[in-house]
S.K.: 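I'd like to ask you about the structure that follows.
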Amino acid sequence: MAPTVAVVDLRSDTVSQPTAQMRARMASAEVGDDVYGEDPTVNELEARTAAIFGKEAGLFVPSGTMGNLLAIMVHCHRRGTEALVGDLSHIFLYEQGGASHLAGVQLATLKNEQDGTFSLQELRRRIRHDDYHEPITSLVVVENTHNICGGKVVPLTFLDELAALVRQPGVGTGSARIALHMDGARVFNAAASLGVGVERICRDFDSVSICLSKSLSAPVGSVLVGGKDFIAEARRLRKALGGGMRQVGILAAAGLVALEEVVPLLGKDHERTKKIAKAIHALQSPNVTVDLETVQSNILLVEITQPNLTASEFSTRLGTVEPEELETGLTDAYGSGIVVKASARDWAFARLVLYHQVDDQQVELAIRKLEYVIGQYDKRWPRA
């Protein structure tokens with residue numbers, strides 16, 4: 001029999017589990033046919049989420065990818081349009097080019113800065129609407145928090161300046177102004193970090209997509225919020241994308257609990273993320289480091305500075321229990337070896353993401369494993 005292991009899964013907050021209260025509310029949820037607009041639990045979730053964000057209406061959708069795609073389709077309804085997005089944005093990198101594939105909208109990229117912003121001067125220069133050789137810029141998208149930039153919280157000053165820019169006279173074409181959409185998959189994390197409400201963060205945005213199944217721990221779903229006319233059109237297009245759902249209040253019930261129960265606790269995820277970052281930083285390793293000052297939410301980028309080591313190799317090692325670990329007592333309280341699951345693609349870093357179920361005990365196990373593995377690398381490649 002293979003030895004048991006204690007697993008600390010930090011690959012993503014998408015692996016978060018529904019809470020006991022979510023499961024109870026789901027089991028007793030009042031439901032109806034949502035396509036007919038008759039599911040009372042869905043209606044409550046949509047209305048409550050819209051109110052929290054200071055918007056007129058909301059739409060429950062199966063995923064954040066669909067929420068973002070619907071926003072692009074509604075805002076860029078005219079053929080020959082484009083949306084400006086960051087070159088490290090989730091919409092550009094990880095949503096299968098749905099904007100062009102399904103919506104017929106061109107995505108044009110702006111270079112993301114390390115804090116998740118982009119140059120407003122470049123944005124102004126890239127807006128197109130006068131030359132009939134070119135597409136018409138109809139939408140600008142901001143991701144907040146910014147995933148690939150390490151869970152960075154986009155500054156309020158940037159959001160305010162962006163809104164002022166796109167609403168200047170002469171920006172856009174004719175009477176149509178450029179719309180603003182926020183990919184707010186983790187916008188509640190941004191609010192927890194800044195100590196302000198999500199309504200303030202999204203004040204000037206025409207639409208926001210909010211994920212319930214990442215750090216909020218619900219099993220499925222996102223909510224798209226915006227004006228009534230915007231949501232009415234998004235609802236129509238949701239059906240075309242196969243997102244029309246029936247007695248889906250069973251899932252919406254978990255979203256309601258997420259807003260009530262999990263959102264107030266997000267700051268604790270941030271504290272635990274910072275604790276892991278501080279432990280890695282304290283090692284002063286020449287091979288594996290973190291930029292402690294930039295850890296702002298529940299995402300931690302562990303930078304690989306040793307050229308002979310890849311993020312994938314580092315991740316694989318964290319997920320392996322070697323016999324000597326058990327011999328030296330690198331185990332949990334029950335004698336099980338410790339496995340830490342991390343994300344690594346073709347990045348120069350491994351990504352650790354915390355969420356509701358990663359408690360203080362799991363954080364301590366993760367720190368012990370990270371310290372041990374990084375120590376192995378430091379013995380192999382000591383400081384020059």
Side-chain angles (χ1 to χ4, degrees), residues 1-24 151 213-219 261-262 265-285 287-290 295 297-304 306 309-345 347 349-381:
M1 176 182 292
T4 59
V5 294
V7 178
V8 185
D9 194 343
L10 304 181
R11 289 173 297 170
S12 174
D13 45 9
T14 60
V15 303
S16 59
Q17 296 283 314
T19 66
Q21 180 61 25
M22 286 180 186
R23 294 176 186 271
S213 62
K214 292 187 170 71
S215 58
L216 299 194
S217 295
E261 178 185 41
V262 182
L265 301 177
L266 292 178
K268 193 66 177 177
D269 295 342
H270 299 182
E271 292 174 10
R272 290 169 173 147
T273 305
K274 196 81 168 184
K275 185 173 183 179
I276 295 175
K278 287 179 178 178
I280 297 173
H281 183 264
L283 298 175
Q284 292 295 293
S285 169
N287 303 299
V288 181
T289 67
V290 297
V295 181
S297 61
N298 65 322
I299 297 177
L300 173 61
L301 302 187
V302 182
E303 300 176 26
I304 310 301
Q306 168 55 242
L309 177 65
T310 68
S312 293
E313 290 169 341
F314 178 66
S315 178
T316 298
R317 177 63 189 90
L318 289 175
T320 303
V321 176
E322 296 181 347
E324 64 185 50
E325 295 177 35
L326 303 178
E327 296 168 5
T328 58
L330 183 60
T331 64
D332 69 357
Y334 304 99
S336 300
I338 302 170
V339 162
V340 173
K341 294 184 178 182
S343 288
R345 297 182 184 234
W347 303 328
F349 55 83
R351 190 188 69 165
L352 307 179
V353 189
L354 275 73
Y355 47 92
H356 188 58
Q357 282 79 30
V358 181
D359 58 18
D360 292 331
Q361 182 180 11
Q362 287 198 309
V363 166
E364 291 300 329
L365 293 177
I367 288 173
R368 290 175 58 203
K369 180 74 172 194
L370 285 159
E371 289 175 339
Y372 184 90
V373 170
I374 294 171
Q376 283 188 322
Y377 291 131
D378 290 349
K379 290 177 182 178
R380 182 177 177 183
W381 296 300

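Please read all numbers here as calculations on a predicted model, not as lab measurements.
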S.K.: Keeping Arg351 on the side-chain end and Arg11 on the backbone end, is there a donor-acceptor pair under 3.5 Å?
M.R.: yes
S.K.: Within this structure, what is the CG-CG distance for the pair Asp360 and Leu365, rounded to the nearest 0.5 Å?
M.R.: 11.0 Å
S.K.: Identify the heavy atoms of Ser215 and Val262 that sit nearest to each other, and give their distance.
M.R.: O-CG1, 3.5 Å
S.K.: Checking Lys369 now: which residues fulfil side chain to side chain contact (heavy atoms under 4.5 Å, CB included) with it, not counting sequence neighbours?
M.R.: Arg317, Leu318, Val321, Glu325, Leu330, Ile338, Val340, Val373
S.K.: Testing the basics here: between Gln17 and Gln357, what is the closest heavy-atom pair and its distance to 0.1 Å?
M.R.: O-NE2, 2.7 Å
S.K.: Measure across Lys214 and Ser16 and return the closest heavy-atom pair with its distance rounded to 0.1 Å.
M.R.: O-OG, 2.8 Å
S.K.: Where do Ser12 and Val15 come nearest, in terms of heavy atoms and distance?
M.R.: O-CG2, 3.0 Å
S.K.: Distance from Gln284 atom CD to Asp378 atom CG, nearest 0.5 Å?
M.R.: 10.5 Å
S.K.: Pair Phe349, Leu300 - check side chain to side chain contact (heavy atoms under 4.5 Å, CB included), show working.
M.R.: CA-CA 10 Å; Phe349 55 83; Leu300 173 61; over 6 Å; no
S.K.: Between Leu10 and Ala366, what is the shortest heavy-atom contact and its length?
M.R.: CD1-CB, 4.3 Å
S.K.: Salt bridge (Lys or Arg N to Asp or Glu O under 4.0 Å) between Glu271 and Lys268: does it pass, once the steps are laid out?
M.R.: CA-CA 5 Å; Glu271 292 174 10; Lys268 193 66 177 177; 3.6 Å; yes
S.K.: Evaluate the side-chain proximity of Ile374 to Asn287: yes if any heavy-atom separation is below 4.5 Å, no if none is.
M.R.: no
S.K.: Would you tell me whether Glu324 and Tyr372 have side-chain atoms, one donor and one acceptor, within less than 3.5 Å of each other?
M.R.: yes
S.K.: So do Leu326 and Thr331 actually touch side chain to side chain, heavy atoms under 4.5 Å?
M.R.: yes
S.K.: Atom CD in Gln362, atom CG in Asp9: separation rounded to 0.5 Å?
M.R.: 9.0 Å
S.K.: Under a 3.5 Å distance rule, please check whether Asp269 uses its side chain to pair with a backbone N or O of Leu354 as donor and acceptor.
M.R.: no
S.K.: When you measure from the side chain of Arg272 to the backbone of Tyr355, do you find a donor-acceptor pair of N or O atoms at a distance under 3.5 Å?
M.R.: no
S.K.: How long is the straight-line distance from CD of Gln306 back to CD of Glu313, given to the nearest 0.5 Å?
M.R.: 10.0 Å
S.K.: So which heavy atom on Ala311 is nearest to which on Ile304, and how close?
M.R.: CA-CG1, 3.9 Å
S.K.: Please check this pair: side chain of Ser315 against backbone of Ala342, looking for a donor-acceptor N/O pair closer than 3.5 Å.
M.R.: yes
S.K.: Do Lys274 and His281 have side chains that get closer than 4.5 Å, going by heavy atoms?
M.R.: no
S.K.: Does a side chain donor of either Ser336 or Thr4 reach within less than 3.5 Å of an acceptor in the other side chain?
M.R.: yes
S.K.: Can you list the steps and then say if His270 with Val295 is a side chain to side chain contact (heavy atoms under 4.5 Å, CB included)?
M.R.: CA-CA 8 Å; His270 299 182; Val295 181; over 6 Å; no
S.K.: Rounded to the nearest 0.5 Å, how far apart are CZ of Arg368 and CG of Asp332?
M.R.: 8.0 Å
S.K.: Walk me through it: do Gln376 and Arg380 pass the test side chain to side chain contact (heavy atoms under 4.5 Å, CB included)?
M.R.: CA-CA 6 Å; Gln376 283 188 322; Arg380 182 177 177 183; over 6 Å; no
S.K.: Take a 6.0 Å sphere around CD of Gln361 and say whether it holds more than 12 heavy atoms from other residues, nucleotides or ligands.
M.R.: no
S.K.: Would Leu266 and Asn298 count as a side chain to side chain contact (heavy atoms under 4.5 Å, CB included) if you check the C-alpha gap in whole Å, the side-chain angles of each, and the deciding distance to 0.1 Å?
M.R.: CA-CA 8 Å; Leu266 292 178; Asn298 65 322; over 6 Å; no
S.K.: Do the side chains of Leu309 and Trp381 get nearer than 4.5 Å, heavy atoms only?
M.R.: yes
